[in-house]
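Residue numbers run from 1 in the order of the sequence given.
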Amino acid sequence: MADRQAVLRKESAAIELCGVHKHYGKVKAVNGLDLSVSKGEVVAFLGPNGAGKTTTIDIILGLSEPSRGSASVFSMTPRRAVSLGLAAAVMQTGGLLGDYTVSETLQFMAAVYGKKSSVDAVMERAGIARLANSSVKSCSGGEQQRLRFAMALLPDPELLILDEPTQGMDVEGRREFWLSIKEDAALGKTILFATHYLEEADNYADRIVLVKKGEIVADGTPMEVKSLSSDKTVRAHVSSVDKDVLLKMEGVVSAELANNKLEVVCRDSDMVARYLLLETDAVNLEISLAGLEETFLNLTTN
């Protein structure tokens with residue numbers, strides 16, 4: 001406990017990856033990745049399948065060693081941070097014994113951490129108190145994922161790593177899960193999560209880190225990352241407009257007019273807006289960035 005408190009008093013990053021490479025033969029799963037996550041940040045770690053997300057998470061948790069480069073969690077080795085209960089994870093699969101009950105599973109894990117009194121509290125917090133006497137194998141995929149969340153909460157970690165945490169959950173389950181995570185964030189916990197539900201990243205992350213082929217291709221707030229997509233949408237109400245003029249403008253992808261509502265997808269939104277305001281009777285003009293899904297595809301494909 002003294003070691004844990006001493007670490008938390010230090011002014012250090014929660015996660016620090018410097019020039020991390022991870023190779024499996026000729027396959028470069030992680031390729032020179034630098035990442036610093038400050039204490040208290042909520043970071044979405046995104047990328048397509050095979051981008052190196054899970055390999056990076058394994059390195060942060062001390063489950064794998066970098067082929068080259070260094071990784072630290074709260075200025076110590078990842079394995080040391082996990083052993084002190086400073087870092088814990090909710091993984092996609094594994095880690096459960098089907099014949100145990102939910103309560104027995106948590107009691108066993110609590111004994112490892114010396115926190116038997118925490119079992120009821122974490123079951124309540126993870127929304128599985130009603131399943132205490134149910135066998136793990138009888139639980140749905142979403143309920144098993146909630147059990148993994150409860151297991152991760154037992155050591156009261158300062159860093160939570162979530163790898164596809166809401167996989168298998170229904171809409172209500174996902175909403176309740178993220179309400180719990182928001183409570184953790186409000187208490188100053190650091191959270192790094194990987195998800196295929198891009199709206200979760202957009203709605204809950206302070207920062208998005210986007211990886212492709214083991215390298216970071218974007219890093220910033222959700223708004224900053226979305227601004228990296230070249231396409232923007234200009235909308236306006238207009239009585240009439242010459243679509244041919246718009247379509248001949250450099251960077252205009254499409255122009256649609258229906259019921260006096262114009263929508264133009266383009267790369268130079270200022271040019272289109274200037275034309276509409278000066279040359280037409282356009283009103284209620286608005287410019288919007290591409291959504292996170294479109295940005296994700298633009299930056300990670302090809």
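Expressed to the nearest 0.5 Å, how far CG of Leu46 lies from NZ of Lys53 amounts to 8.0 Å. Between the OG1 atom of Thr190 and the NZ atom of Lys39 there is a distance of 8.0 Å, given to the nearest 0.5 Å. For the atom pair Ser229 OG and Asn298 CG, the distance stands at 4.0 Å (nearest 0.5 Å). To the nearest 0.5 angstrom, Met271 atom CE is 10.5 Å from Leu276 atom CG.
Within the 3.5 Å criterion, the main-chain N or O of Val90 finds no donor-acceptor partner in the side chain of Asp163. Without hydrogens or angle criteria, Ser38 side chain to Glu41 main chain gives no donor-acceptor distance under 3.5 Å. Using a distance-only test at 3.5 Å, with no hydrogens or angles considered, a donor-acceptor pair links the side chain of Asp206 to the main chain of Val42.
Nearest heavy-atom pair across Ser118 and Leu154 is CB-CD2, 4.0 Å. Across all their heavy atoms, Ala13 and Ser36 have their closest contact at CB-OG, 3.8 Å. Ala201 and Leu292 get closest at one heavy-atom pair: CB-CD2, 4.0 Å. Between Arg125 and Ser180 the shortest heavy-atom distance is O-OG, 3.4 Å. When all heavy atoms of Met151 and Thr105 are compared, the pair lying nearest together is SD-CG2, 4.0 Å. Ala71 and Ile59 make their closest contact through CB-CG2, 3.7 Å (heavy atoms, listed as atom of the first residue, atom of the second, distance).
A heavy-atom distance below 4.5 Å is found between the side chains of Asp231 and Arg267. Residues Val136 and Gln144 have side chains in contact (heavy-atom distance under 4.5 Å, counting atoms from C-beta outward). The closest side-chain heavy-atom distance from Leu159 to Leu86 is not below 4.5 Å.
Residue Leu257 is grouped with residue Val245 when hydrophobic side chains (ILVMFWY) are merged at heavy-atom distances under 4.5 angstrom, including chains of intermediate members. Note on Tyr204: it clusters hydrophobically with Leu153, by side-chain heavy-atom contacts below 4.5 Å among ILVMFWY residues.
Side chains of Glu263 and Thr233: a donor-acceptor N/O pair is absent below 3.5 angstrom, by distance only. Between the side chains of Lys22 and Ser64, a donor-acceptor pair is found at a separation under 3.5 Å.
Each of Val211, Leu61, Val20, Leu17 was checked for a side-chain contact (heavy atoms from CB on, under 4.5 Å) with Thr56, and the lone residue meeting it is Leu17.
His237 meets the ring-ring contact (aromatic ring centres under 6.0 Å, His included) test with no other residue; sequence neighbours excluded. By the ring-ring contact (aromatic ring centres under 6.0 Å, His included) test, His196 pairs with no residue at all, sequence neighbours left out. Here Phe193 pairs with Trp178 under the ring-ring contact (aromatic ring centres under 6.0 Å, His included) rule; sequence neighbours left out. Lys226 is linked by a salt bridge (Lys or Arg N to Asp or Glu O under 4.0 Å) to Asp202, counting only residues two or more places apart in sequence or in another chain. Applying the ring-ring contact (aromatic ring centres under 6.0 Å, His included) test to Phe149 and every residue at least two apart in sequence or in another chain returns Phe177.
Contact check on Glu172 versus Arg175 returns a salt bridge, with a Lys/Arg side-chain nitrogen under 4.0 Å from an Asp/Glu carboxylate oxygen. Arg146 and Glu176 are joined by a salt bridge, as a carboxylate oxygen and a charged side-chain nitrogen come within less than 4.0 angstrom of each other.
Sorted pairs that involve residues 252-277 and meet ring pair (Phe, Tyr, Trp, His ring centres under 6.0 Å), not counting sequence neighbours, are lacking altogether.
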(request) Check step by step if side chain to side chain donor-acceptor pair (under 3.5 Å) holds for Ser138 and Ser135. (result) CA-CA 5 Å; Ser138 71; Ser135 67; 3.3 Å; yes
